[in-house]
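Report on the following structure.
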Number of protein chains: 2
Amino acid sequence: MIGGRLKSLRGKKTQEEIANHIGVSRARYSHYENGRSEPDYETLQKLADYFKVTTDYLLTGKEKPSDEDMFSDPDLQIAYRDMQDFSPESKQQAIEFINYLKEKEKNRKPKNK
Amino acid sequence: MIGGRLKSLRGKKTQEEIANHIGVSRARYSHYENGRSEPDYETLQKLADYFKVTTDYLLTGKEKPSDEDMFSDPDLQIAYRDMQDFSPESKQQAIEFINYLKEKEKNRKPKNK
DNA sequence: TAACTAAGAAATTCTTAGCCC
DNA sequence: GGGCTAAGAATTTCTTAGTTA
């Protein structure tokens, strides 16, 4: 399960190195990689931080390692959710402003396409 | 921790309804909401599926409900997708404008709902 | 040196049953 | 009905110590 992902994320580093960084014993980390036990949520978070992936990725493997370049930043998502609660008028205003920015973007960098 | 998020996601549904859907006892689900215990990974996944959010969101609260079924206007969705291609500067501008509108909305209707 | 594991200890979760509002 | 929780049972994890390669 999550073990395999940990294994490949670790690469050529030793188990001890990872274990030290996240503050668990060697044996404990080994258990995680071999599926003998699963990390508690706190440790899972530390592992995700250390490997620079989301907990989602560790758990499901369905997301890609979200290194630096995440398309969808949280701020944008929050803004989007906010917009859904807007009155029709505000919604319209928001959309218009976004379209305005979109035009500006176009001119800034002449795209192919 | 994750309990609070479960609570708000549940809304006005009963604990029993959620519990039945994910296949755990009432008491067990109650424990999750009140932080007396934490769901194992399998149950966490079921909860995330049921509430249509990522496990990341349940664990950290940092991500949004998965945009899979962000219903609402198509126009808004298009605008959202456009924003993802924006430069950081334009993104920032868009977010600021949305926040400005958000404030305006707040003042428009001082009382809840 | 690095990784793995058996076995018991320790910690956590789950169930039952009941209580409260 | 709907939600909460004490106590013990059940399950899981963690540590130690030792084995394997």
Side-chain angles (χ1 to χ4, degrees), chain A residues 1-67 81 85, chain B residues 1-66 69 71 111-113:
Chain A
M1 277 279 158
I2 134 170
R5 245 112 49 203
L6 290 177
K7 229 165 213 163
S8 33
L9 285 168
R10 175 161 63 87
K12 294 186 175 177
K13 302 200 186 85
T14 66
Q15 292 185 340
E16 185 165 28
E17 185 176 344
I18 316 299
N20 288 340
H21 268 96
I22 62 171
V24 302
S25 70
R26 260 195 348 271
R28 204 171 140 186
Y29 179 77
S30 176
H31 285 328
Y32 296 156
E33 281 199 358
N34 293 289
R36 292 173 168 276
S37 68
E38 293 183 315
D40 57 51
Y41 290 148
E42 194 190 334
T43 308
L44 183 79
Q45 193 60 63
K46 285 182 188 166
L47 286 165
D49 287 348
Y50 178 81
F51 287 127
K52 303 260 182 41
V53 298
T54 62
T55 52
D56 248 32
Y57 174 72
L58 287 181
L59 289 175
T60 69
K62 290 208 164 155
E63 224 186 28
K64 52 193 168 198
S66 71
D67 251 311
R81 296 194 72 210
D85 295 329
Chain B
M1 277 284 148
I2 135 169
R5 255 151 269 150
L6 290 177
K7 231 166 212 162
S8 33
L9 285 169
R10 175 161 63 88
K12 293 186 175 176
K13 302 200 186 85
T14 67
Q15 292 185 339
E16 186 165 27
E17 185 176 345
I18 316 299
N20 287 341
H21 267 96
I22 62 171
V24 302
S25 68
R26 251 187 12 263
R28 202 170 141 188
Y29 179 78
S30 176
H31 284 329
Y32 296 156
E33 281 199 357
N34 292 290
R36 301 179 100 76
S37 69
E38 293 183 315
D40 56 50
Y41 290 149
E42 194 189 334
T43 307
L44 183 79
Q45 192 60 63
K46 286 182 187 165
L47 286 166
D49 288 347
Y50 179 80
F51 288 127
K52 303 268 182 24
V53 299
T54 62
T55 53
D56 248 32
Y57 174 72
L58 287 181
L59 289 174
T60 69
K62 293 208 164 147
E63 223 188 26
K64 51 15 103 135
S66 83
D69 68 331
F71 38 88
K111 273 294 174 187
N112 320 351
K113 244 191 179 156

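In this entry the distance linking CG of B:L44 with P of C:dT13 reads 13 Å, nearest Å. In this structure, the OH atom of B:Y29 is 14 Å from the P atom of D:dG2, given to the nearest Å. When rounded to the nearest whole Å, the span between CD of B:E38 and P of C:dT13 equals 6 Å. Between the C1' atom of C:dT12 and the OH atom of B:Y41 lies a distance of 13 Å, rounded to the nearest Å. One atom, CG of A:D40, and another, C1' of C:dA11, lie 11 Å apart when rounded to the nearest Å. Between B:M1 atom CE and C:dT13 atom P there is a gap of 14 Å when expressed in whole angstrom units. Atom CD in B:E17 sits about 10 Å away from atom P in D:dG3, given to the nearest Å. Atom CD of B:E33 is separated from atom P of D:dG2 by 14 Å (rounded to the nearest Å).
For the pair A:Q15 and C:dT1, the criterion of a side-chain N or O lying under 4.0 Å from OP1 or OP2 is not met. In terms of phosphate contacts, B:S30 brings a side-chain nitrogen or oxygen within less than 4.0 Å of OP1 or OP2 of D:dC4. For the OP1/OP2 pair of D:dT16 and a distance below 4.0 Å, the side-chain nitrogens and oxygens of A:R26 include no atom meeting the criterion. For A:T14 and C:dA2, the shortest distance from a side-chain N or O to OP1 or OP2 is not below 4.0 Å. For the pair A:S37 and D:dC14, the criterion of a side-chain N or O lying under 4.0 Å from OP1 or OP2 is met. In this structure, A:K7 reaches the C:dC4 phosphate: one of its side-chain N or O atoms is under 4.0 Å from OP1 or OP2. Between D:dT13 and A:R28, no contact under 4.0 Å exists linking OP1 or OP2 to a side-chain N or O.
Of the candidates C:dT15, C:dT5, C:dA2, the closest approach to any side-chain atom of B:S25 belongs to C:dT15.
Nearest-nucleotide positions on DNA chain C place A:N34 closer to the 5' end than the other of A:N34 and B:V24.
In A:E42, the CD atom is not crowded: 12 or fewer heavy atoms of neighbouring residues, nucleotides or ligands sit closer than 6.0 Å.
Residue side chain A:H31 reaches the base of D:dT15 through a donor-acceptor N/O pair under 3.5 Å, judged by distance alone.
Looking at A:V53 and A:R5, their side chains never come closer than 4.5 Å, going by heavy atoms from C-beta outward.
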Open item on the list: For A:L9 and A:I18: C-alpha separation, side-chain torsions, deciding distance, then whether side-chain contact (heavy atoms from CB on, under 4.5 Å) applies.
Closed with: CA-CA 10 Å; A:L9 285 168; A:I18 316 299; over 6 Å; no

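Rounding to the nearest 0.5 angstrom, the gap separating the OH atom in B:Y50 from the CD atom in B:E17 is 4.5 Å.
At the heavy-atom level, A:Y32 lies under 4.0 Å from the strands shown only through sugar-phosphate atoms.
Residues B:Q45 and B:Y41 have side chains that never bring a donor and an acceptor to within less than 3.5 angstrom of each other.
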